Number of protein chains: 2
Amino acid sequence: MAQAIRLQQVSPLKASCNQCSLSNLCLPLAIEENDLDSLEDIVQQGRIYNRGEHIFDQSTPVRSCFAVKSGSVKTSIITEGGEEQVTGFFMPGELVGLDSMSGETYACTARALERTSVCEFPVEKLEELTGRLPELQHHMYRMMSQEIQNSHQLAMLLSKNTAEERIAALLLSLSSRFRRRRMSATNFSLPMARNDIANFLGLAVETVSRVFTRFQNQGIIRARGREVELLDVDALQLVTRDFARQGQ
Amino acid sequence: MAQAIRLQQVSPLKASCNQCSLSNLCLPLAIEENDLDSLEDIVQQGRIYNRGEHIFDQSTPVRSCFAVKSGSVKTSIITEGGEEQVTGFFMPGELVGLDSMSGETYACTARALERTSVCEFPVEKLEELTGRLPELQHHMYRMMSQEIQNSHQLAMLLSKNTAEERIAALLLSLSSRFRRRRMSATNFSLPMARNDIANFLGLAVETVSRVFTRFQNQGIIRARGREVELLDVDALQLVTRDFARQGQ
DNA sequence: CGGATCCTTGAAATGTTTCAAGCCTCGTGG
DNA sequence: CCACGAGGCTTGAAACATTTCAAGGATCCG
């Protein structure tokens, strides 16, 4: 995160994907060295968003999808009645807006959970580019498929699992995403409020709070506010797999 | 449905998308008249599957995605513990397997809910083709985005809505999909068992049954087994929107 | 320091599940 | 052609997890 910001200060006007610390997570990973220029040509250095600021809004015309560079983003759908459903959390290196690719208007609203910088990929240019670079196209398909799978996984969590299982699963998901970024997988701070967690997991805030303290009393985690330490990852995995032990 | 079958009897060996009654729903809709040949070249006429037969299996190598021609398909994920989560139902003109595009192995299992015929699109060939036809690529992106949105919608249903709201939403979804095919939107037979509905909506079978009878007692629907008649579509929409009335 | 927001905790209320049983339906075999 | 069996569907009553309501405590920031 600190690296990404520093990088931006060095070359604030032109994106340089090949120097980005996230190039092994983001779109560049799918591209040959000598095609990187084409990608850099279409990338727009996004501005920095403060906590709570909208990156794009549901029902407005689709312009771009975004890669998180530092910070974190939450996406949510607002129903006609004004209810919010959080559909995802996005960390550095992850792509936001795939559910709106090639649609007319954004299917969700994306908001910065903290001070966040993003790279912006205008969809028409991205489409044009993927038409020329099969590797990139392949990668896009794969990420969109992955997004569908993630959402199915969420649906499964929501429909079949208890509050404890859902929260354990979220903690483990976050943990592995921190690890991918070479950060501590057991000691991190949650970018989102309990409220967002509750909304995302289909629970009441109070339930989330109760489960956190229950986990804490069992010695599985330690939590003070948004600071979390996973003390017993195996136990967490046991909670989620619970029903999933085949023999035994 | 009957039409699609008849068509297949006329030209059993080579697919002819331009004669297909579903061409306005399926991939051909994205393609210029004179590019249709390229699509027909890669389409494989799939065999006919009987009720319960597997079209593809989770964790086996990805070969193709499929368009339903007649009949219907359900997709589901099997957890390590053997639990099943139904992730979708697919009707004629709809694409199955988008969650596995460009992945190594299928992310779910697809089964025929009844006697079902499909068209098969080998993914490598499809990718190659979308690289050449921007319109088709655009359409693929759009359908995959749509699939993500559908799944988000499902997640929302599962996390925020009551049993009645979920079932009303499913009935309305089926209704509109029948209408798209120029079939009765109020009088149709469910392709899936109560069990599948329950699993899909994250409910117990008993609950599904109870809601069906409740709706029936309220005069909103009439149901005998899988035969369903929507007597009061407005009431159904009221059930789903319920919380979604903005003013009032 | 004050106000707002976020988080936690308790007790009662509630919708859904679970368990249990009976019924209906459809396909099969006698 | 009827009888049988199996699976699918329905219904009731008790059990349960989570929500809702209510209130207190912590934390952050101007």
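It should be emphasised that the depicted structure is a prediction, and the values quoted were computed from it without experimental measurement. Throughout, protein chains are lettered first and strands after them, A, B, ... in sequence-line order, and every chain is numbered starting at 1.
A salt bridge is absent between B:Arg63 and B:Glu120; no separation between the charged side-chain nitrogens and carboxylate oxygens falls under 4.0 Å.
Distances were taken from every side-chain heavy atom of B:Ser209 (C-beta onward) to each of D:dT10, C:dC7, D:dT18; the shortest belongs to D:dT10. Of all nucleotides listed (D:dT18, C:dT16, C:dC7), D:dT18 comes nearest to the side chain of A:Ala163. Of all nucleotides listed (C:dC7, D:dT10, D:dT18), C:dC7 comes nearest to the side chain of A:Ala193. Closest approach to the B:Thr213 side chain among D:dC9, C:dC7, D:dT11 is made by D:dT11 (side chain taken as heavy atoms from C-beta onward).
Put simply, B:Thr162 has no side-chain N or O that comes within less than 4.0 Å of OP1 or OP2 on C:dG15.
A:Arg226 comes within 4.0 angstrom of the backbone, heavy atoms only, and of no base.
Atom CZ of A:Phe215 is separated from atom P of C:dT8 by 14 Å (rounded to the nearest Å). The separation between B:Glu227 atom CD and D:dG8 atom P is 18 Å, rounded to whole Å. The interatomic distance linking A:Asn199 (CG) with D:dT19 (P) rounds to 12 Å, in whole Å. Residue A:Glu114 contributes atom CD, which lies 15 Å from atom P of D:dC28 at whole-angstrom precision. In this structure, B:Leu158 places its CG atom 13 Å from P of C:dT16, rounding to the nearest Å. The interatomic distance linking A:Glu206 (CD) with D:dC21 (P) rounds to 10 Å, in whole Å. Atom P of nucleotide D:dG8 and atom CZ of B:Phe212 are separated by 16 Å, given to the nearest angstrom. Separating the CZ atom of A:Arg224 from the P atom of D:dA26 is a distance of 13 Å, rounded to the nearest angstrom.
Counting only N and O atoms by type, the side chains of A:Glu114 and A:Ser72 include a donor and acceptor under 3.5 Å apart.
When the nearest nucleotides of DNA chain D are assigned to B:Arg51 and A:Glu164 by heavy-atom distance, the more 5′-ward of the two goes with B:Arg51.
If you check distances only, the side chain of A:Arg210 does reach the base of D:dT20 with a donor-acceptor pair under 3.5 Å.
Counting only distance, with no hydrogens or angles, the side chain of A:Glu227 and the backbone of A:Arg224 share no donor-acceptor pair below 3.5 Å. Judged purely by atom type and a 3.5 angstrom limit, A:Thr75 uses its side chain to pair as donor or acceptor with the backbone of A:Gly88.
Between B:Phe121 and B:Phe66, a ring centre-to-centre spacing not shorter than 6.0 Å is recorded.
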